[in-house]
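One structure below.
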Amino acid sequence: MEACRMEGESKEKLASVSSLVTVFENSRTPGAASRVCKLEIEHHCPGGRAPPPAEPWKEPNLGETLQRSEPRMVSRRYLSSLKNKLSSGAWRKSCQPGTHAGLGTQEPEEKKIVQELLETEKAYVARLHLLDQVFFQELLREARASKAFPEDVVRLIFSNISSIYQFHAQFFLPELQRRLDDWTATPRIGDVIQKLAPFLKMYSEYVKNFQRAAELLASWTDKSAPFQEVITRIQSSEASGSLTLQHHMLEPVQRIPRYELLLKEYVQKLPAQAPDQADAQKALDMIFLAAQHSNAAITEMERLQDLWDVYQRLGLEDDIVDPSNTLLREGPVLKISFRRSDPMERYLFLFNNMLLYCISKVIQVGAQFQVRTRIDVAGMKVRELTDAEFPHSFLVSGKQRTLELQARSREEMISWIQACQAAIDQIEKRNETFKAAVQGPEGDTQEQELQSEELGLRAPQWVRDKMVTMCMRCREPFNALTRRRHHCRACGYVVCAKCSEYRAELKYDGNRPNRVCFHCYTFLTGNVLPEDKEDKKRGILEKGSTTGSEQSIMCGFLQLIGDKWGKSGPRGWCVIPRDDPLVLYIYAAPQDMRAHTSIPLLGYQVTAGTQADPRVFQLQQSGQLYTFKAETEELRDRWVKAMERAASGWSPRGPSDGDLSD
């Protein structure tokens, strides 16, 4: 009953680590693999065991059993396979009673497992001896003698292998040997394993360093002939068994799973009332924790390797390389330009503390991308944009810069917004003093300008050039010669040169002086403007379309047809404001601060569609005739409904009453 209970508990235990013996064996040459598999079978069959060599560097027993072949290198696929195997329990094939083909011995099953543990430990110590006393020491001697490569490189490659070797050779192996020799008087090993388990944490350092060690080994083998000569000479020896140094270096990574496998089998074979039952179970639990520690080390190693790959693609710039960073997401996006009509291809890297806005390098020598802007996650805001011209677009607003970006699909846009928001939330949790970025409720039209208290503290969202036809401050129309477009670096408005001839220090740009409009100049500096710069009295048409669009019953582009609009039939941005619901305002562009014309709709007759073009509709009253053309029939119907309401004198009663805008 006790054995059944233990077996049930072992099944419920989370899969800790996997046997990496398969990885090690599969990486060898075909001839050697068959022999190693045979040796592995002999390890599980106590009657067929052969004693390991006592002196690994002098005795060629292992090499005599292997076929000669060219050494093979360990590929980087080992790293991914290590973690997969460590998190899976499928590799375990615990020996059940009666499965060993013994030679008639009557020794208890648990003693046979201890004998197997001792023999594998001897072989493992022999391999550690080869790594520490042969490879390591020979390379150190060559480094000191020839000065062809640094001693520090050798120490980095072998990490703490000397400590691991000394522990197993001087403590654990002798303890196991003494316990087995005195098995009749003391039939137990649980207490010995309990002493071993805390020291297994030293393997984490070795495992973390494994990938870096493999890279250093490959690098210096290529560029240092003396380095390569020492390694080749030892690898060709019989003690090395025609295996590469990398294969030998993989042995310590594999050892902890082997301990867990054998100890688990030992616990299963113990009689229910065995004196070692409690100690053995406790030892198994400790080995399990050590294995989990090793698994975490491999996960950390993979994270660092992935991070290093990203840094190499970015050119290893000093201000972004930080091993504590975590890459959250990367991928291509389109940058919506405030000057060009077509978006530009860009690439984003989102880390836990920063967003890198990059462009692809034309000549990719050393680096694949060039970082154009770094935006700190702390203080960053992200939200979806409502833009019919650029669907799936979103805004990233940071202290350093504000970007309008477009994803390839809505799903991709949502994924980017969620990833950015998750990074922002994590920063806010760690920094309780940081003021959370306030986001409007879902579905609200987003504000286009910064709050006054944020002016100069964070980069604004620039208004696109084509969205305005006149200066957003003085409301004079732009032209290519005498009144060109400029952007205020504080509020993002498109303004003329006369309205932006001021400079103010902006905190988000390192307190450097920047071009700003006169409104922002007054706010940021406190200086009083000359009288000729003060606002003039607003005319009847000076109703900003931005305000009208955000608080409108209906708004959108309509094509203006008829002689009064010109032969070309231009498009106009038409708005029926909520605060002036009986008037149609027509603007040249969506964010113009002054309307081109206005039409009082009260009393007009609205005629919908013609057979020639069903998207056309007209306004008619006392000889006045206005003809419009919507983009679709559905939009025409909505415009007709909105204008009929206004013509009848209808006014909205509430904030959302009668809203027909898209």
Side-chain angles (χ1 to χ4, degrees), residues 336-343 384-393 404 406 445-446 448 461-470 472 475 477-478 485 494 541-578 580-581 583-601 604 606-610 612-619 625-647 658-662:
I336 302 174
S337 173
F338 59 89
R339 296 197 187 278
R340 297 173 51 179
S341 59
D342 54 323
E384 181 180 355
L385 291 176
T386 303
D387 194 323
E389 184 178 0
F390 298 103
H392 322 311
S393 57
E404 291 185 55
Q406 183 182 19
T445 304
Q446 303 295 343
Q448 293 292 326
Q461 178 186 2
W462 284 19
V463 177
R464 298 175 212 157
D465 284 4
K466 65 179 181 180
M467 301 298 286
V468 294
T469 61
M470 61 186 69
M472 299 179 72
R475 301 174 181 85
F478 290 118
R485 291 173 171 85
V494 183
L541 297 179
E542 294 183 358
K543 185 178 183 68
S545 78
T546 300
T547 303
S549 301
E550 291 180 349
Q551 301 176 358
S552 62
I553 296 174
M554 186 71 186
C555 65
F557 280 108
L558 291 174
Q559 187 174 353
L560 312 177
I561 302 175
D563 294 339
K564 65 176 59 183
W565 306 114
K567 296 181 180 180
S568 60
R571 286 202 318 167
W573 180 259
C574 302
V575 179
I576 301 178
R578 187 170 294 278
D580 196 2
V583 180
L584 173 67
Y585 289 88
I586 303 176
Y587 300 84
Q591 295 196 24
D592 276 355
M593 304 304 293
R594 184 175 61 187
H596 180 274
T597 188
S598 63
I599 303 174
L601 296 175
Y604 269 85
V606 185
T607 305
T610 64
D613 193 339
R615 295 175 295 172
V616 173
F617 63 97
Q618 295 178 326
L619 289 174
L625 179 65
Y626 298 95
T627 304
F628 304 92
K629 181 179 177 180
E631 294 181 354
T632 64
E633 293 185 43
E634 188 268 337
L635 283 176
R636 180 212 61 190
D637 293 339
R638 287 162 56 190
W639 273 111
V640 168
K641 183 177 181 180
M643 291 185 180
E644 286 178 343
R645 285 179 174 180
D659 187 6
L660 296 175
S661 52
D662 188 358

Response to the item:
Pro577 and Ile553 have their tightest heavy-atom pair at O-CD1, 4.2 Å
Practice prompt. Looking only at non-hydrogen atoms, find the nearest pair between Ala646 and Pro581 and report the distance.
Written response: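 Taking every non-hydrogen atom into account, CB-O, 3.4 Å.
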Discussion item. Quick one: does any side-chain atom of Arg638 pair with a main-chain N or O of Met554 as donor and acceptor, under 3.5 Å?
Written reply: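 Between the backbone of Met554 and the side chain of Arg638 there is no qualifying donor-acceptor contact (under 3.5 Å).
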Item to complete: Kindly say whether Ala608 contributes a backbone atom to a donor-acceptor pair with the side chain of Arg636 at under 3.5 angstrom?
Response: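 No, Arg636 side chain to Ala608 backbone: no donor-acceptor pair under 3.5 Å.
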With sequence neighbours excluded, tell me which residues meet side chain to side chain contact (heavy atoms under 4.5 Å, CB included) with [X].
| X | value |
| --- | --- |
| Pro343 | Leu334, Phe390, Gln406 |
| Val583 | Asp580, Tyr585, Ser598 |
| Ala588 | Thr469, Asp592 |
| Pro600 | none |

Set of side-chain hydrogen bond (donor to acceptor under 3.5 Å, both in side chains) partners for [X], sequence neighbours left out:
| X | value |
| --- | --- |
| Glu404 | Gln461, Arg464 |
| Glu633 | none |
| Arg615 | Asp613 |
| Glu389 | Lys466 |

Is there side-chain contact between [X] and [Y], with heavy atoms separated by less than 4.5 Å?
| X | Y | value |
| --- | --- | --- |
| Phe557 | Leu635 | no |
| Phe617 | Asp637 | no |
| Phe628 | Leu619 | yes |

Worksheet item: How far does CD of Glu644 sit from OG1 of Thr607, to the nearest 0.5 angstrom?
Response: 9.0 Å
Worksheet item: How long is the span from the CE atom in Met643 to the CD atom in Gln618, to the nearest 0.5 Å?
Response: 11.5 Å
Practice prompt. Determine, stepwise, if the pair Trp639 / Val606 fulfils side-chain contact (heavy atoms from CB on, under 4.5 Å).
Written response: CA-CA 10 Å; Trp639 273 111; Val606 185; over 6 Å; no
Item to complete: Mind telling me whether Tyr626 and Tyr604 have parallel, tilted or perpendicular rings, with 30° and 60° as the class edges?
Response: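 Tyr604 vs Tyr626 ring planes: tilted.
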Worksheet entry | salt bridge (charged side-chain N to carboxylate O under 4.0 Å, His left out) partners for Glu631, two or more places apart |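 By the salt bridge (charged side-chain N to carboxylate O under 4.0 Å, His left out) rule, Glu631 matches Arg571.
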